[in-house]
Amino acid sequence: MGELAEGFDAVAGRPKRYVLDMYPYPSGVGLHVGHPLGFIGTDVYARYLRMTGHHVVHSMGYDAFGLPAEQYALATNTHPRLTTEANIATMRRQLRRLGLAHDPRRSVATTDPAFYRWTQWIFLRLFESCYDTEADRARPVAELEAELEAGDREPAPGTNPSGRPWSELDASARRAVLNAHRLAYLAEVPVNWCPGLGTVLSNEEVTADGRSERGNFPVFRRPMEQWMLRITAYADRLLDDLDGLDWSEAIKTQQRNWIGRSTGAQVRFATPAGDLEVFTTRPDTLFGTTYMVVAPEHPLVEDLTAAAWPDGTPPAWTGGSATPDEAVAAYVGAAARRSELDRQAGDRVKTGVFTGTTATNPVNGAEIPVFVADYVLMGYGTGAIMAVPAHDQRDLEFARAFDLSVVGVVEPSSEWLTARSLAPDAPATNWPEAYVGAGVAMASGNDDIALDGLDVAAAKAAITTWLEGKGMGAGKVQYKLRDWLFSRQRYWGEPFPIVFGTDGEPRALPDDQLPLELPPMEDFTPTTSDREDSEPEPPLGRAEDWTSVTLDLGDGEGPQPYRRELNTMPNWAGSCWYELRYLDPTNDEMLVAPENERYWMGPQWDGDCGGVDLYVGGVEHAVLHLLYARFWHKVLFDLGHVSSSEPYRRLFNQGLIQAFEYTDERGFYVEAAQVVESGGRYLFEGRPVTRQLGRMGKSRKNAVAPDEMCERYGADTLRLYEMFSGPLEQSRPWDDTAVVGMYRLLQRIWRVVVDEETGAVRVADAPPDQATQRVLHRTTASVREGMETLRFNTSIARITELTNHLTSAHPEGGVPREVAEALVLLLAPLAPHAAEELWARLGHDASLAHAPYPEADEAWLVDDVVEVPVQVNGKVRGRISVPADADREALEIAARADAKVATLLSDATVRKVVVVPGRMVNFVLA
RNA sequence: GCCCGGGUGGCGGAACCGGUAGACGCAGAGGGCUUAAACCCCUCGGCUCCCCAGGGAGCGUGUGGGUUCGACUCCCACCCCGGGCACCA
């Protein structure tokens, strides 16, 4: 340990360090051509970096291929496309052909016990760490406990339900307080239970229509005791630190939306059933609150339900029931039966029933009705809202449906009023929609406070201060982000390094007892079911010798009987930190030596967060892997294990190779390979089908196998084609016929060096002529630029131009050796196999993998003579050849001398002459 | 509905900071080599029209305006395509 990562590519005396990482599986471990794009792109770049003198660690991503295929498929039971060994064998073969064969030295197999060990080690750090609400940094729970014991601080608000001081708490209450601070904790939480997969899923793994992201099975909500990771403690930093990252705005926006920070206030409304708390982003509109709503799942629903309808209750509020009890029970029951799908795909007509109870508006003492309605979600805020129909569209729709009053408390702008043909003094009741724009407060005052005339921000601040002073509310930041559900009922995954004593309390395994390996099992399939009420049965529960053990945890208790945790960690666990392991892959004392981490990933300049220099991955990990990994990395940073505060400084999202897919009149996919085109129409078995561009996949019957292309043209042709067809970040269709172009290019380059008849080298020792020098250096500069900016397509175009120049300048061979060698070196990162072979034929013994990449000589980049366009009134009317350094005057004289221009100028008045030296001349006529 | 991307020849795509639009490749046309085909090599090509084989004119980067001597590039409005979020108070 401690040696500067020999990495895998370390070269003595090459000090420029570079970490290149990729997450190569855009969507599961299927076989589609999106993968080679990422693979090849990073490989090209890594080869270029090595040749330009960088010290490179090039990770090959989070390796799922270390698994025995059958076990993997059975254990996960989630990849419809990866179910046979043949599939994996095909993928491996494909990688071999691409020259990217599985190399054990370069891969960190996350299923390797040595890797498990450190994943489990990090989990224990999470379990034994808390976050401090004041410092918002991870630190050992033991520190917090000592401070509480010494009376230096009190438990953070919300972590101590009893409210009594630490010294008066019994052992179990103290554990509960500490648990409420831990970054990894057990909790009975409503989870996403997916019987089809036999496991629970995290929020991020559930799609918007309530199905599993993998396998597309229905998902149900139910309470279960599960391991949770307190990612919410990092919400602010995960949000704020996005600003310093070199990531696409699209991904940053997705993370921002997912974290969903909103600032507002929590306000308490008094009701006969107790206080009802709401969260609002618009406390300034408190005076416009005309009713309240609680979600059907709200714990106070029952208490809020009155014994009888108050006098004068409108019939529409009662849901047709004789008593509030009946009405609320019917509504809550109906809401519970509606699936997530119905609830969101519905027509969004506002429904609800009155509870029969009123609440008191704290600012004006008004008695306002409390409703139960499903447009309020239990999962956000407090599950209850104050409704301000004048300034919230949803509330307005509900108010209109139930004939509730609408009170405007923010003056609409005059534009808004005129656009709706409203008089300035039109009452809010007449507004066609809620006013949500900026404006000053009106009709908002009581004996104590007056908001009238304040703008929205000032009014928010004033009312929040007032509420705090009265003890009726407080400023509050609310997040959409939830804690991360971290248990899975699967066999395959890291077992938790946790055992339970006879008291039922969780205990950490000591670090020196890691790794905890999975027990060998005959049958490790999850128990799946199609019944919503089925019970989760983790496969590990069937390994009885493993689950019940007698251990000495080194805690002074001696050997004791324990029961192991039966759940395993989700597949995201390993991918949260694997990039660190590449920096020090054989270290068996720590996950990564600090000096290695500092060298490769430490901050490079003032204010730099550090991290991987370039991370290539698909966009679909925006709120899964990329959020989880940032969270883990920040915890490791807080605990002092890494010096970088972010894992991936720069993120590059590669595009996918797409393919045309064809559907028949019923909308079913037909075999794309058998569709024929005729006269602009597409026919399958004689019947017309519709064509669409989409992702490749077996189910879409449009997958093309790169294998065939490799077979026919070789890996280099495939690499070149994939890189050439467009920029790396862009998705684009696969075109079988276009592949041949790159094959021809390689053949022409081959023939520059080798005589095909005799096999002899046909380069000449003569020096290149001026024209060739110019093309060579120009090409070199452009190719380098394309490489730096990951625009490999333009680099290949420039190499093609150089090749075209050489073949036409030397049709019989005899290309100057130094030019031929430069050409081969330029090509090397893109087509390494062919380049290596040519390099050897040119008489070099050593590989060109670390040969210096050609450099452009500035002297050859400037032309003596340039051709510039001459415009008349902005239209090009001629071209002139002038010395490159010609001044304005000389340019104008030359331009006027051009025969055609002279004709156009002869009987016109030149009003103005614009001359850009070296660029163009423009005559503006009167 | 909101938030991100993106619209350039028959096709994939080039074009630095506002300065020759269409590099490079595919497909296509014509020619060479060949008994023939394939491979390979050479030439041509944005669209429309005009003179007559070499040029000339007009129109052209989703649409409509604007700024500028000059706009694929900058500004305003709109249309279309792709992706994400979606009753988040």
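As a basis for the values below, the full set of heavy atoms in this structure was taken, side chains included, without hydrogen atoms, waters or symmetry mates. Values in this document were obtained by computation on a predicted structure and should not be read as measured data. Numbered from 1 within each chain, the chains take letters A, B, ... in sequence-line order.
One P atom belongs to U61(B), the other to C51(B), and the distance between them is 28 Å to the nearest Å. Annotation: U73(B) and C16(B) have their P atoms spaced 12 Å apart (nearest Å). Between C74(B) and C24(B), the two P atoms lie 26 Å apart (nearest whole Å). Nucleotides G18(B) and C26(B) place their C1' atoms 32 Å apart, quoted to the nearest Å. Distance check on atom C1': G9(B) versus C2(B) gives 36 Å, rounded to whole Å. Distance check on atom C1': G58(B) versus G6(B) gives 31 Å, rounded to whole Å. When the C1' atom is compared between G7(B) and C72(B), the two are found 11 Å apart, to the nearest whole Å. Separating the P atom of C3(B) from that of U8(B) is a span of 24 Å, rounded to the nearest Å.
Here CE of Met723(A) is found 12.0 Å from CE of Met742(A). Values are rounded to the nearest 0.5 Å.
Using a 4.0 Å heavy-atom distance criterion, Ser248(A) is classed as making no nucleic acid contact. The residue Arg911(A) sits apart from the nucleic acid: no heavy atom pair falls under 4.0 Å. Within 4.0 Å (heavy atoms only), Arg482(A) reaches no atom of the nucleic acid at all. In this structure, Glu867(A) reaches the bases: a heavy-atom distance under 4.0 Å links it to at least one base atom across the strands shown. Residue Lys252(A) is classed as having no contact, given no heavy-atom separation below 4.0 Å to the nucleic acid. Residue Asn793(A) is classed as a sugar-phosphate contact, given heavy-atom separations below 4.0 Å to backbone atoms only. Heavy atoms of Arg791(A) sit under 4.0 angstrom from primed sugar atoms or phosphate atoms, though from no base atom. Counting any heavy atom pair closer than 4.0 Å across all strands shown, Ala797(A) reaches a base atom. At the heavy-atom level, Asn804(A) lies under 4.0 Å from the strands shown only through sugar-phosphate atoms. Counting non-hydrogen atoms under 4.0 angstrom, Lys900(A) reaches the backbone sugars and phosphates but no base.
Classified by its glycosidic torsion, G66(B) falls in the anti category, the angle being over 90° from 0. In this entry the base of C17(B) is syn relative to its sugar, with a glycosidic angle within 90° of 0.
For Glu858(A), the CD atom is loosely surrounded, since the number of other residues' heavy atoms within 6.0 Å does not exceed 12. The neighbour count for Glu889(A) CD, taken as heavy atoms of other residues, nucleotides or ligands under 6.0 Å away, does not exceed 12.
Remark: the Arg798(A) side chain and the A23(B) base include a donor-acceptor N/O pair separated by less than 3.5 Å.
Nucleotide U35(B) has no partner under the Watson-Crick or G-U criteria, as no pair reaches both atom distances under 3.5 Å. Remark: G19(B) base-pairs with C69(B). Criterion, Watson-Crick or G-U wobble with two distances under 3.5 Å. Pairing of C85(B), defined by two Watson-Crick or G-U wobble distances under 3.5 Å, is identified with G1(B). For C47(B), the paired nucleotide is G58(B), the pair qualifying as Watson-Crick or G-U wobble because both relevant distances are below 3.5 Å. In a base pair of the Watson-Crick type (N1 to N3 plus N6-O4 or O6-N4) or a G-U wobble (N1-O2 and O6-N3), with each distance short of 3.5 Å, A53(B) is matched with no nucleotide. With a 3.5 Å ceiling on both atom-pair distances, G9(B) lacks any Watson-Crick or G-U wobble partner.
Look at Asp284(A) and Arg282(A) and you find a salt bridge, because one of the NZ, NE, NH1 or NH2 atoms lies within 4.0 Å of a carboxylate O, short of that distance. Using a cut-off of 4.0 Å between Lys/Arg side-chain N and Asp/Glu carboxylate O, Arg256(A) and Glu249(A) are scored as salt-bridged. Ion pair Glu433(A)/Arg420(A) flagged as a salt bridge, since at least one NZ, NE, NH1 or NH2 atom sits closer than 4.0 Å to an Asp/Glu carboxylate oxygen. Salt bridge Glu397(A)/Arg400(A): absent, no basic N to carboxylate O contact under 4.0 Å. Salt bridge Arg888(A)/Glu892(A): absent, no basic N to carboxylate O contact under 4.0 Å.
Taking the side chain of Glu249(A) as heavy atoms from C-beta on, and the options C26(B), G13(B), C4(B), the nearest nucleotide is C4(B). Of the candidate nucleotides U20(B), G12(B), A89(B), U20(B) has the atom nearest to the side chain of Pro869(A). Ranking C59(B), G19(B), A89(B) by closeness to the Thr280(A) side chain, first place goes to A89(B). Closest to the side chain of Pro727(A), out of G13(B), C69(B), C87(B), is G13(B). Which of G19(B), A14(B), C87(B) sits closest to the side chain of Arg919(A) comes down to G19(B). For Glu801(A), the side-chain atoms get nearest to A23(B) when compared with the rest of A27(B), A89(B), A23(B). Proximity note for Arg744(A) (side chain, C-beta onward) versus C87(B), A27(B), C69(B): the nearest is A27(B). Among A89(B), C87(B), C16(B), the nucleotide with an atom closest to any side-chain atom of Ser262(A) is A89(B). The nucleotide whose nearest atom lies closest to any side-chain atom of Thr253(A) is, among A89(B), C3(B), G13(B), C3(B).
Summarising the geometry, the separation between CZ on Phe724(A) and C1' on G13(B) is reported as 8 Å, rounded to the nearest angstrom. Nucleotide C4(B) holds its C1' atom 8 Å from the CD atom of Gln254(A), rounded to whole Å. When rounded to the nearest whole Å, the span between CG of Leu745(A) and C1' of A23(B) equals 15 Å. Put simply, CH2 on Trp750(A) is 17 Å from C1' on C40(B), counting in whole angstrom units. Atom pair Ile259(A):CD1 and G84(B):C1' shows a separation of 15 Å (rounding to whole Å applied). Computed from coordinates, the Gln747(A) CD to C39(B) P distance equals 11 Å when rounded to whole Å. In this entry the distance linking CG of Leu396(A) with C1' of C87(B) reads 14 Å, nearest Å. At whole-Å resolution of the value, CD in Gln871(A) and P in A21(B) are 7 Å apart.
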Is there a ring-ring contact (aromatic ring centres under 6.0 Å, His included) between Phe398(A) and Phe371(A) once you walk through the steps?
-> CA-CA 10 Å; Phe398(A) 190 86; Phe371(A) 285 78; 5.3 Å; yes
Yes or no on ring-ring contact (aromatic ring centres under 6.0 Å, His included) for Tyr721(A) and Trp734(A), after CA distance, side-chain angles and deciding distance?
-> CA-CA 10 Å; Tyr721(A) 169 69; Trp734(A) 173 271; 5.0 Å; yes
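Residue-to-nucleotide proximity on RNA chain B shows that, of Ile796(A) and Ala250(A), the 5′-proximal contact is made by Ala250(A). Of the two residues contacting RNA chain B, namely Asp735(A) and Arg282(A), the nearest-nucleotide position lying further toward the 5' end is that of Asp735(A).
Taking side-chain N and O atoms only, Arg256(A) has no distance below 4.0 Å to OP1 or OP2 of C85(B). Taking 4.0 angstrom as the limit, Arg877(A) places none of its side-chain polar atoms (N or O) nearer than this to OP1 or OP2 of U20(B).
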